[in-house]
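Written out below as structure tokens is the structure these notes cover.
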Number of protein chains: 4
Amino acid sequence: MATSTEDLFLPVNVDRASQVIVDQIKVLIRAGKLQPGDRLPSERELCQRFNVSRVTVREALRVLETNGLLTIRVGSHGGAFLTTPSAERLGVGLADLLSLAPATAHDVTEARFIVELGTLPLAVERATEGDIAALFAMVEEAEAALKAGKYNVELSAAFHTRIAQCTHNPAVEMLMQSFNGPLRMSLEESHTAAPMGEQGIAEHRKLAEAIQARDVEGARKLMTEHLNRTAARVLPNS
Amino acid sequence: MATSTEDLFLPVNVDRASQVIVDQIKVLIRAGKLQPGDRLPSERELCQRFNVSRVTVREALRVLETNGLLTIRVGSHGGAFLTTPSAERLGVGLADLLSLAPATAHDVTEARFIVELGTLPLAVERATEGDIAALFAMVEEAEAALKAGKYNVELSAAFHTRIAQCTHNPAVEMLMQSFNGPLRMSLEESHTAAPMGEQGIAEHRKLAEAIQARDVEGARKLMTEHLNRTAARVLPNS
Amino acid sequence: MATSTEDLFLPVNVDRASQVIVDQIKVLIRAGKLQPGDRLPSERELCQRFNVSRVTVREALRVLETNGLLTIRVGSHGGAFLTTPSAERLGVGLADLLSLAPATAHDVTEARFIVELGTLPLAVERATEGDIAALFAMVEEAEAALKAGKYNVELSAAFHTRIAQCTHNPAVEMLMQSFNGPLRMSLEESHTAAPMGEQGIAEHRKLAEAIQARDVEGARKLMTEHLNRTAARVLPNS
Amino acid sequence: MATSTEDLFLPVNVDRASQVIVDQIKVLIRAGKLQPGDRLPSERELCQRFNVSRVTVREALRVLETNGLLTIRVGSHGGAFLTTPSAERLGVGLADLLSLAPATAHDVTEARFIVELGTLPLAVERATEGDIAALFAMVEEAEAALKAGKYNVELSAAFHTRIAQCTHNPAVEMLMQSFNGPLRMSLEESHTAAPMGEQGIAEHRKLAEAIQARDVEGARKLMTEHLNRTAARVLPNS
DNA sequence: GTGGTCTAGACCACA
DNA sequence: GTGGTCTAGACCACG
């Protein structure tokens, strides 16, 4: 035959079929062909499109769901929807990984210092009037919740996340969420945390004031103390 | 009314069978009942233990694998093995999420600044003789690779990760890996990056020297420039 | 092996959404948060509270209704009301189950012997003047009904239930109702019973007299004969 | 008109459609057209047969399931299967009803006395060699479990149920199960039961011996003491 | 009626 | 004997 047999025989695809599907969908997402909010075809239709069984499609969807790329809703108008991205899943993954890792609570807190203190200057610099108003509103909400005996770690986490939002940088926001999401919760769960107190909220208020005053150094100092204090709660022996 | 019916009825939340299995295994990991390196029973045996079908077990394993908690090997001595944790998977997740997010490359670089600059002081403070020797060794390896035309982004990423390792804090290390893993690669892939140059390696060497000299401020300045330069490569219009 | 994987993996048990709701409401009942006579919120409101569809709520209510825990009334003042408990539903369940079971009419009668004869001593011991008067009143009512040709198995069952009521123990009462409710009816329906006769009512009167005289042994004997005779009617070949 | 209008107008069927289906299936069961182990047609087929919607069929199946007449299994070979009857469901119903009723634990215990003591003579009379061997086997199993720290209320309940089985009367057996099933468990759960002890098992052994010796009076006495002792555990103030 | 979820049992390729 | 895949058919839930 005229042509040599070189390059005729391509390596067979050793990947899992489900992984191929996952990659293909990720490419579509990266290319912007699929946007947040879009709905994927039904499982049964995807079977036909990819020419695989339903089980394989489901495995692929499961992976994408785990990666936080889509959520699956049941019901007649259900299906697989691309998510507006959130770092929550990432926080879960981080928490899981650290559980398995040799990282101590002290290690994690130190990493959090890096992120929180690094974020602060950007937040102080870029916070709008609206941002600052929102921060104060959250403080007041927290005070009300405290009186009602409903103050919890979630409200505290939301405040820290809101500070990150002041940077108007979604990547930074996600980074912060990773630490103030499930990870923080699992940290505090595992220790019998003293109930979040008045003092925590008071410090939040002072932080908001420092950001309003564009006082980077003051904010850094406040945040350092604040974190040290909360860190001390989960790490009695520091 | 004697008792109001408010708050009596909690929203129901029916988990998937596979999710229940995932959670159960995560608990076992957190509790230390399952250690890195351990092998889970075979899929078929897990079916019997959990009293579910094989597909369901497989979905659960797929999720855990995606979360980086275990790796699956085929073959007669294969099975699902708990991983020594690594942040690689996390980086993949982060990259995926940012692909979907409105985050620009500039945003991501800014987040990386926070992490890299925040890590540096700890690295400078705690780097051992061995750490510093390793850093220099990597620089030399890079120089050799460059001559051989084999220098690539992976080697550069490894250097940054090695700096984080100097903090001797696994959580910080993971944080750094998240940015210098698949994420960085996907960032640079999407742009036609000029080949990593001599200058990059030279800056790495100077960074190593600053760490050896315990010169925090010098190191900060060097890293800032280094990152700015690489950032400029992926962001011509900054 | 360091840690065996035995007993680590518990069988998963995923409940239906409707079952979760059922359980939740049962807990509220057991805890006394919901009392007999209370009205549950409307189906539509329950949907929102539980965050499920209406069909699911309806299935849950249907189960609770079947268990005799609530009754559903239609109309503008309708809704789901917790019942004052009655053993009627239980009797239905017992009857259904025995229909399906390999239990013969003889078996059931034997079980009834146990309950009726076991109840008698308590009834004799604790019957008040009022109880005894009520028993005699029922006998006379039965005699009148017989003359009018309206005597039926229900009236007879009521007499036996009333005896159980003399124990002033609601649990015993329910036990008796289980046998003298739908079960007895279904037993007798299936055979062409000779109409309840004079003799049956006469024996009831004697039983009442024995109870009045606090004559346990006499009552036992009477009841034994009475049951044997009725049993013979449904079991010609005993 | 020639004919009077009497009896022309029958009451309209006020029953729920689902209830009609339930009744129809119950009739088939009573008539023996459907036997334990039989599988009903699939939901979709039943829809067509009854000419109703799936929701209606599902409600009917849910009711029948609640009544313990059938169990529903998912999966490829799933469906609705007629159960081999068991009194477990009945016990659940009884427990629920008593939770709602004004019955105290003391009331329930008294009812249990009636059943247990009434059953004993029949068991003594009819127990076969095999029955007796089984009773002793259970005692030994219990002793082994106790040593392993695994003795629980279930094993104790099983012993009492096994005694009822000695009567070779399925109706009596069910009656006993009703009390020694979920009801007993809920009774003991609600009180902090002292762990079932050596003494309980010893008494079980003596009971088995009395049955072996066909000693009705001895058995009665033993059972009375046994029940009194266990009753005292849940009723400290008797 | 349309979706997601689960099951049982089978075949294949691999180490 | 392991994981990887497939088929066919059932229940479960939503609108």
Side-chain angles (χ1 to χ4, degrees), chain A residues 12-21 39-47 50-62 65 71-81, chain B residues 12 14-21 39-47 50-62 65 70-81, chain C residues 12-21 47 50-60, chain D residues 39-47 53-55 57-59 61-62 65 70-81:
Chain A
V12 299
N13 196 337
V14 302
D15 273 356
R16 265 190 279 257
S18 60
Q19 192 57 45
V20 175
I21 296 179
R39 181 175 162 285
L40 259 51
S42 77
E43 290 186 355
R44 283 163 178 92
E45 189 175 345
L46 287 174
C47 294
F50 290 118
N51 195 26
V52 295
S53 82
R54 217 142 142 239
V55 180
T56 306
V57 168
R58 283 179 61 69
E59 278 198 10
L61 293 182
R62 191 69 62 250
E65 191 189 19
T71 59
I72 295 176
R73 286 203 289 274
V74 298
S76 170
H77 288 148
F81 294 84
Chain B
V12 318
V14 187
D15 276 350
R16 266 188 278 261
S18 60
Q19 190 58 45
V20 175
I21 296 179
R39 181 177 163 285
L40 293 182
S42 76
E43 292 184 355
R44 283 162 179 89
E45 188 174 347
L46 286 175
C47 293
F50 287 120
N51 195 25
V52 294
S53 82
R54 188 146 162 245
V55 180
T56 304
V57 167
R58 284 179 58 72
E59 279 197 9
L61 294 182
R62 191 69 60 247
E65 190 189 21
L70 49 81
T71 60
I72 295 176
R73 287 202 287 275
V74 298
S76 143
H77 289 149
F81 295 83
Chain C
V12 319
N13 190 5
V14 186
D15 276 350
R16 266 188 278 263
S18 60
Q19 191 58 44
V20 175
I21 296 180
C47 291
F50 287 120
N51 195 27
V52 295
S53 81
R54 189 133 167 259
V55 184
T56 304
V57 167
R58 286 178 60 74
E59 279 197 10
Chain D
R39 182 177 160 282
L40 258 50
S42 76
E43 290 185 354
R44 275 158 180 96
E45 190 174 345
L46 287 175
C47 293
S53 81
R54 273 197 54 216
V55 187
V57 167
R58 284 177 60 71
E59 278 196 10
L61 292 181
R62 191 69 63 249
E65 190 189 22
L70 50 80
T71 60
I72 295 176
R73 288 203 289 272
V74 297
S76 165
H77 291 144
F81 294 84

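Just so you know, these numbers use all the heavy atoms, side chains as well, and skip hydrogens, waters and symmetry mates. The sequence lines fix the lettering, A, B, ..., with proteins before strands; numbering per chain opens at 1.
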Q) Taking only residues two or more places apart in sequence, or in another chain, which ones meet D:Arg58 in a salt bridge (charged side-chain N to carboxylate O under 4.0 Å, His left out)? A) C:Glu59, D:Glu43
Q: Can you sort out the partners of D:Glu65 under side-chain hydrogen bond (donor to acceptor under 3.5 Å, both in side chains), two or more places apart, ordered by chain and number?
A: C:Arg16, D:Arg62
Q: Using atom CZ of A:Phe81 as one end and atom C1' of F:dC14 as the other, report the distance to the nearest whole Å.
A: 12 Å
Q. Does the side chain of C:Asp15 come within less than 4.5 Å of B:Val14's, by heavy atoms?
A. no
Report all interatomic pairs (protein N or O, nucleotide N or O of nucleotides 3-9 of chain F) with separations under 3.5 Å.
unit_1 : atom_1 : unit_2  : atom_2 : d
F:dG3  : OP2    : B:Glu43 : N      : 3.2
F:dG3  : N7     : B:Arg44 : NH1    : 3.1
F:dG3  : N7     : B:Arg54 : NH2    : 3.4
F:dG3  : O6     : B:Arg44 : NH2    : 3.4
F:dG4  : OP1    : A:Arg16 : NH1    : 2.3
F:dG4  : OP2    : B:Arg58 : NH1    : 2.7
F:dG4  : OP2    : B:Arg58 : NH2    : 3.3
F:dG4  : N7     : B:Arg54 : NH2    : 2.9
F:dG4  : O6     : B:Arg54 : NH1    : 3.2
F:dT5  : OP1    : A:Ala17 : N      : 2.3
F:dC6  : OP2    : A:Ser53 : N      : 3.4
F:dC6  : OP2    : A:Ser53 : OG     : 3.4
F:dC6  : OP2    : A:Thr56 : OG1    : 2.1
F:dG9  : N2     : D:Ser76 : N      : 3.0

Q. What pairs with A:Phe50 under ring pair (Phe, Tyr, Trp, His ring centres under 6.0 Å), at least two apart in sequence or on another chain?
A. none
(Q) Going by the rule side-chain hydrogen bond (donor to acceptor under 3.5 Å, both in side chains), which residues pair with A:Thr71 if we only count those two or more places apart in sequence or in a different chain? (A) none
Q.
Tell me every residue that passes side-chain hydrogen bond (donor to acceptor under 3.5 Å, both in side chains) with D:Arg39, counting only those two or more places apart in sequence or in another chain.
A. none
Q. What residues, two or more places apart in sequence or in another chain, satisfy side-chain contact (heavy atoms from CB on, under 4.5 Å) together with D:Ala80?
A. D:Leu40, D:Leu61, D:Leu70, D:Ile72
Q: Please identify each residue that fulfils side-chain contact (heavy atoms from CB on, under 4.5 Å) with C:Ser53, with sequence neighbours left out.
A: C:Val55, C:Thr56
Q) Which dot-bracket string fits DNA chain F when only Watson-Crick or G-U wobble pairs with both atom distances under 3.5 Å count, crossing pairs get [ ], and | stands for a partner on a different strand? A) ||||||||||||||.
